[in-house]
Amino acid sequence: MHAPTILVTGSTRGIGLAIADALSSAGATVIRHGSRNGAGVIGADLAAPGAPDALWQQALELAGGRIDVLVNNAGQFEASPLEVSDIVWLDNWEDTLRINLTAAAQLSRFAVRHWLASDGADDAVRGRIVHIASRAGYRGDSPDHWHYAAAKGGMIALHKTIARGYAASGILSFAIAPGFTDTAMAGDYLASRGGAALLADIPLGRVATPQEIAAIARFCALDAPPSMTGTVIDANGASYVR
Ligand SMILES: NC(=O)c1ccc[n+]([C@@H]2O[C@H](COP(=O)([O-])OP(=O)(O)OC[C@H]3O[C@@H](n4cnc5c(N)ncnc54)[C@H](OP(=O)(O)O)[C@@H]3O)[C@@H](O)[C@H]2O)c1
């Protein structure tokens with residue numbers, strides 16, 4: 001089998017960087033993305049409605065016309081307290097939903113159409129999507145993060161819809177629901193929510209590492225058997241057991 005080509009959104013740092021590195025080490029050709037252009041990184045600010053389309057086209061060009069796996073990882077986690085003005089609260093909502101959910105949906109749509117148009121044996125896997133959702137999508141989040149939890153819950157529903165809709169066409173969808181993971185994003189959150197006290201809520205006694213999430217993503221992107229499509233894999237140190 002040829003080495004797969006994989007687009008990983010938000011792969012400049014944190015979980016996305018760990019996923020991109022793990023996939024590269026496994027022999028995949030990885031297309032990296034961030035909000036700004038950089039060395040070996042396609043820049044596309046997913047807050048802009050046209051950005052997912054531009055990103056997909058540039059990635060396809062770089063890939064020589066074929067992308068095998070999409071990892072929807074890019075996301076932001078910005079506090080939006082109830083006390084801010086109505087328009088600021090709405091702007092925060094729209095931004096987070098657009099970056100964390102709408103952009104992932106747009107990219108998923110481009111990917112599904114790309115794979116539906118591709119040739120392949122009836123039983124072949126044509127493409128895989130790996131969504132980096134969150135424990136928040138099931139459990140909810142803090143009062144400052146209605147938008148974040150709603151976006152992640154939406155992502156899980158989007159993922160299940162894709163898995164059910166296109167399994168028969170060889171298109172697989174997997175989702176990962178991390179709890180706190182030790183990146184800049186989690187650091188801000190832990191500090192803002194009381195730091196070490198929050199760890200008391202995690203039976204494992206620590207947050208996840210980006211490398212742990214990357215190991216799960218790598219499995220989903222490369223090896224997970226087709227019968228697993230539609231699954232959501234938790235990684236939260238047993239802090240939320242469904
Ligand atoms: N860390 C956690 O505790 C945790 C827990 C559950 C789920 N997650 C999810 O895991 C994913 C990665 O989180 P992380 O902790 O690794 O975050 P991070 O360290 O803050 O990195 C975020 C990544 O997303 C990109 N990004 C953010 N806003 C963007 C925008 N408007 N346009 C394009 N790219 C944008 C960033 O690119 P730039 O570098 O260019 O800004 C960066 O590559 C997110 O979807 C997050 O919701 C994280």
Side-chain angles (χ1 to χ4, degrees), residues 7-22 30-56 58-59 70-79 91-92 94-107 129-142 145 147-156 158-159 175-193 198-199 201-202 206-214 216-217 232-237 239-240:
L7 170 60
V8 183
T9 68
S11 40
T12 54
R13 52 197 167 89
I15 293 171
L17 177 61
I19 294 173
D21 288 348
V30 177
I31 299 175
R32 297 175 190 245
H33 156 261
S35 61
R36 288 171 298 275
N37 283 321
V41 173
I42 301 177
D45 180 354
L46 298 177
D53 190 4
L55 168 60
W56 183 256
Q58 281 185 70
L70 165 67
V71 181
N72 278 322
N73 167 80
Q76 73 170 20
F77 183 76
E78 304 282 340
D91 276 354
N92 292 344
E94 301 284 6
D95 264 9
T96 290
L97 267 287
R98 179 166 294 285
I99 295 165
N100 292 13
L101 178 60
T102 309
Q106 288 174 277
L107 286 166
I129 303 178
V130 182
H131 307 268
I132 309 302
S134 171
R135 181 184 72 169
Y138 284 109
R139 199 187 82 152
D141 212 300
S142 84
H145 295 93
H147 51 2
Y148 182 83
K152 294 301 186 177
M155 179 179 243
I156 290 167
L158 167 75
H159 145 65
I176 303 170
F180 299 124
T181 305
D182 188 8
T183 66
M185 191 186 252
D188 290 350
Y189 187 88
L190 285 177
S192 73
R193 302 290 290 171
L198 207 128
L199 295 180
D201 194 33
I202 306 176
R206 64 168 178 83
V207 300
T209 65
Q211 288 69 32
E212 287 181 295
I213 308 306
I216 302 168
V232 185
I233 301 176
D234 290 333
N236 60 45
S239 61
Y240 189 70

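Residue numbers run from 1 in the order of the sequence given. For ligands, and for the atoms within them, numbers begin at 1 and follow the listed sequence.
Neither the backbone nor the side chain of Ala103 has a heavy atom within less than 4.0 Å of ligand 1. The proximity of Ala136 to ligand 1, defined as any non-hydrogen pair under 4.0 Å, does not occur for either the backbone or the side chain. Contact annotation for Pro210 and ligand 1: no heavy atom of the residue comes within less than 4.0 Å of the ligand. Residue-level proximity to ligand 1 for Lys152 is carried by the side chain, the only part with a heavy atom below 4.0 angstrom. With a heavy-atom cut-off of 4.0 Å, Thr181 touches ligand 1 through backbone and side chain alike.
An N or O contact shorter than 3.5 Å is missing between Gly34 and ligand 1 by distance. For ligand 1, the polar-atom distance check finds an N/O of Tyr148 within less than 3.5 Å of one of the ligand's N/O atoms. The distance criterion of under 3.5 Å between nitrogen or oxygen atoms is met by Ile15 with respect to ligand 1. Between Ser134 and ligand 1, no pair of N/O atoms sits closer than 3.5 Å.
Among Ile132, Asn236, Thr183, the residue whose heavy atom lies closest to atom 9 (C) of ligand 1 is Ile132. Of all the listed residues (Val41, Leu46, Asn73), Asn73 holds the heavy atom that lies closest to atom 11 (C) of ligand 1. Counting heavy atoms only, Asp45 comes closest to atom 31 (N) of ligand 1 of the residues Ile176, Thr12, Val207, Asp45. The residue from Gln76, Arg13, Arg36 that puts a heavy atom closest to atom 41 (O) of ligand 1 is Arg13. Nearest to atom 27 (C) of ligand 1 by heavy-atom distance, out of Ser35, Ala151, Gly75, Ala48, is Gly75.
Distances from ligand 1 to the non-hydrogen atoms of Gly179 include at least one value under 4.0 Å. Heavy atoms of Arg135 stay at 4.0 angstrom or farther from ligand 1.
Using a 4.5 Å heavy-atom cutoff, the side chains of Ser11 and Val41 are not in contact. Ile19 is not listed as a side-chain neighbour of Val130, based on a closest heavy-atom distance of 4.5 Å or more. A 4.5 Å side-chain heavy-atom check between Arg206 and Leu199 finds every atom pair outside the cut-off. Under the 4.5 Å side-chain criterion, counting only non-hydrogen atoms from C-beta, Asp95 is not in contact with Glu78. Using a 4.5 Å cut-off on side-chain heavy atoms (C-beta onward), Tyr138 and Ile156 make contact.
Close contacts of ligand 1 with Ala44, meaning ligand atoms under 4.0 Å from a residue heavy atom, involve 32 (N), 33 (C). In summary, the atoms of ligand 1 found under 4.0 Å from a heavy atom of His33, numbered by their order in the structure, are 33 (C), 34 (N). Taking every non-hydrogen atom of Ser11 and a distance limit under 4.0 Å, the qualifying atoms of ligand 1 come out as 43 (O). Close contacts between ligand 1 and Phe180 involve ligand atoms 3 (O) [criterion: under 4.0 Å to a heavy atom].
Ion pairing between a basic and an acidic side chain is recognised when a charged N comes within 4.0 Å of a carboxylate O; Arg98 and Asp45 show no such pairing.
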